[in-house]
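Please read the structure below before turning to the comments.
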Amino acid sequence: MPRLAVALRALALPVAALLAIAPSTPAHAKPEPKAPKEFVALGDVDPTIRQEIRYFTPHNFTGDPVDGYRRPMCVLTRPAAEALHRAQRQLLRRGYTLKVYDCYRPQRAVNGFVEWAKDLDDQRMKGEFYPRVDKSRLFEDGYIAAKSGHSRGSTVDLTIVPLPALPTRPYVPGEKLAPCYAAKEDRFPDNSVDMGTGYDCFDTLSHTLDPRITGAQRANRLLLKSTLEQRGFVNLAEEWWHYTYQPEPFPDTYFDFPVARRSLTG
């Protein structure tokens, strides 16, 4: 009878209690997508090119680290990375180095930019990145779009840095912002040559050949442009920092694997 009573009491346990004492089955998360074998880490192709991956940090137009950037590293298709290596060798002979701000960009990051642009209440970084543009016009003016060539893997945002390359201090969230088109000594410090605006400046002054950019600033833009064009890159006329290697290995594919070493299959 005692054994029977114990058995009956066990059958009377609530379902929640039975689940609590049952061995748990581990939940298996959906595996992250991987990069095709044609993608490489730029640092493996040319470790001398500086990398300052802005979207891994809060120092970008959203004010937060961007979804999909698991590591501060540049990932590109191999042809684009090797072309950058050739451009770097040319600049090193002149006492300069390339510095990349962004390379492959996951589609999830682009989706995040779209959602950020819809939130008109979040204007934390307006004072630096889009001082003269109303946030409600970012789509209409072409600064934000639902697709980016970066997600195809052969587009890079970059600049030129004189050697020896001095470190750039980190951005402190909440610090006072200066317009991205201010004089170089007044805007956020960058160890690059003076290009007339900072990186990701949502302003017509960022147009590569804007006639208001003259003197050394124009010469610096043209040095970057001519060096990269010799290696197969094409500039986006609205952004002095934006170049796409052609022919692209994946001209019609927008990838979404995260920026991380483990995404690379090669």
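Proximity of a side-chain donor or acceptor of T77 to a complementary backbone N or O of P249 within less than 3.5 Å is not detected. H242 contributes no side-chain N or O that, together with a main-chain N or O of D157, makes up a donor-acceptor pair within less than 3.5 Å. Of the possible polar contacts, none joining the S263 side chain to the V259 backbone as a donor-acceptor pair under 3.5 Å is found. Not a single donor-acceptor pair under 3.5 Å links the side chain of D256 to the backbone N or O of P106. Formation of a donor-acceptor pair under 3.5 Å by the Q217 side chain with backbone atoms of I213 is not found in this model. Side chain of N220 to backbone of A216: a donor-acceptor contact under 3.5 angstrom is found. With hydrogens and angles ignored, the 3.5 Å screen pairs no side-chain donor or acceptor of R105 with any backbone N or O of S151. A donor-acceptor pair under 3.5 Å is formed between the side chain of R50 and the backbone N or O of T48.
Aromatic pair F61/Y130: centroids not less than 6.0 angstrom apart.
Two residues are said to be in side-chain contact when any heavy atoms from C-beta on lie closer than 4.5 Å; T159 and M195 meet this criterion. Using a 4.5 Å heavy-atom cutoff, the side chains of T155 and Y243 are not in contact. In this structure, the side chains of C74 and L76 come closer than 4.5 Å at one or more pairs of heavy atoms. Side-chain contact between L158 and L228 is present, with at least one heavy-atom pair separated by less than 4.5 Å. Taking 4.5 Å as the limit, some side-chain heavy atom of E175 sits within range of a side-chain heavy atom of F188. Side-chain contact check for V156 versus L84: some heavy-atom pair is nearer than 4.5 Å. The closest side-chain heavy-atom distance from V161 to S192 is below 4.5 Å. Inter-residue side-chain proximity for Q230 and R86 is flagged as unmet; no heavy-atom pair is nearer than 4.5 Å.
When only modelled atom types and interatomic distance are considered, R231 and Q90 share a side-chain donor-acceptor pair under 3.5 Å. Using modelled atom types, one finds a donor on one side chain and an acceptor on the other under 3.5 Å when comparing Y101 with D190. When only modelled atom types and interatomic distance are considered, Y143 and D203 share no side-chain donor-acceptor pair under 3.5 Å. Judged purely by distance below 3.5 Å, without hydrogens or angles, the side chains of Q88 and D46 never pair a donor atom with an acceptor atom. Side-chain contact check for E115 and N111: no donor-acceptor pair (N or O, by modelled atom type) lies under 3.5 Å. In this model, no donor atom of one side chain and acceptor atom of the other lie less than 3.5 Å apart for S154 and T244. For the residue pair T197 and W240, a side-chain donor N or O sits within less than 3.5 Å of a side-chain acceptor on the partner. With hydrogens and angles left out, the side-chain atoms of D200 and Y55 include a donor and acceptor closer than 3.5 Å.
Considering every non-hydrogen atom in both F139 and A117, the closest pair reads CE1-CB, 3.6 Å. The minimum heavy-atom distance between F39 and A35, with the atom names listed, is CB-CB, 3.8 Å. In plain terms, the two heavy atoms of K225 and T208 that are nearest each other are CD-CG2, 4.1 Å. Residues C201 and S206 approach most closely at O-OG, 2.7 Å, considering heavy atoms. The shortest non-hydrogen separation linking P33 to P258 is O-CD, 3.9 Å. When all heavy atoms are compared, the tightest approach of A146 to V114 is CA-CG2, 4.0 Å.
A salt bridge is defined here as a Lys NZ or Arg NE, NH1 or NH2 lying under 4.0 Å from an Asp or Glu carboxylate O, and D121 with K135 fails to meet this definition. A salt bridge does not link E128 to K176: none of the charged side-chain nitrogens sits closer than 4.0 Å to a carboxylate oxygen. Ion pairing between a basic and an acidic side chain is recognised when a charged N comes within 4.0 Å of a carboxylate O; D134 and K126 show no such pairing. At a threshold of 4.0 Å, the pair R261-D44 counts as salt-bridged, since one of the basic side-chain nitrogens sits closer than that to a carboxylate oxygen.
A cation-pi arrangement is not found for R108 relative to F257, the charged atom failing to lie both closer than 6.0 Å to the ring centre and inside a 45° cone about the ring normal.
To the nearest 0.5 Å, the span separating CG on D67 from CZ on F113 amounts to 10.0 Å. Here the CD-OG1 distance, from Q107 to T253, works out to 12.0 Å after rounding to the nearest 0.5 Å. Distance OG1/T265 to CD/E38: 8.0 Å, rounded to 0.5 Å. With rounding to the nearest 0.5 angstrom, the OG1 atom of T62 is 8.0 Å from the CE atom of M125. A distance of 8.0 Å separates CZ of R221 from CH2 of W241, quoted to the nearest 0.5 Å. Remark: R169 CZ to H59 NE2 distance equals 8.0 Å, nearest 0.5 Å.
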Please assess D141 against V133 for the test side chain to side chain contact (heavy atoms under 4.5 Å, CB included), listing each intermediate value before the final yes or no. CA-CA 9 Å; D141 291 351; V133 180; 4.0 Å; yes

Residues D64, R124; criterion side chain to side chain contact (heavy atoms under 4.5 Å, CB included); working and verdict: CA-CA 10 Å; D64 294 309; R124 287 172 289 164; 2.7 Å; yes

Can you list the steps and then say if Y245 with F233 is a ring pair (Phe, Tyr, Trp, His ring centres under 6.0 Å)? CA-CA 4 Å; Y245 178 78; F233 288 91; 5.5 Å; yes

Verdict with supporting geometry, I49 and V100, side chain to side chain contact (heavy atoms under 4.5 Å, CB included): CA-CA 8 Å; I49 297 176; V100 296; 4.2 Å; yes

Would Y199 and R54 satisfy side chain to side chain contact (heavy atoms under 4.5 Å, CB included), going step by step from the backbone distance to the final call? CA-CA 9 Å; Y199 168 59; R54 288 284 188 88; 3.9 Å; yes

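Cluster partners of V172 are absent, since no Ile, Leu, Val, Met, Phe, Trp or Tyr has side-chain heavy atoms less than 4.5 Å from it.
Evaluation of the salt bridge (Lys or Arg N to Asp or Glu O under 4.0 Å) test over residues 234-248, restricted to residues two or more places apart or in two chains, returns R152-E248.
The number of heavy-atom neighbours closer than 6.0 Å to CZ of R187, taken from other residues, nucleotides and ligands shown, is above 12. Counting heavy atoms of neighbouring residues, nucleotides and ligands inside a 6.0 Å radius, atom CZ of R212 exceeds 12 of them.
By the criterion of side-chain heavy atoms lying less than 4.5 angstrom apart, applied directly or through intervening Ile, Leu, Val, Met, Phe, Trp or Tyr residues, V193 is grouped together with L91 in one hydrophobic cluster. Linking Ile, Leu, Val, Met, Phe, Trp and Tyr whenever their side-chain heavy atoms come within less than 4.5 Å leaves Y104 and V110 in two separate clusters. By the criterion of side-chain heavy atoms lying less than 4.5 angstrom apart, applied directly or through intervening Ile, Leu, Val, Met, Phe, Trp or Tyr residues, V40 is not grouped with L42; the two fall into different hydrophobic clusters.
Across T57, D102, N60, a single residue satisfies side-chain hydrogen bond (donor to acceptor under 3.5 Å, both in side chains) together with Y69, and that is D102.
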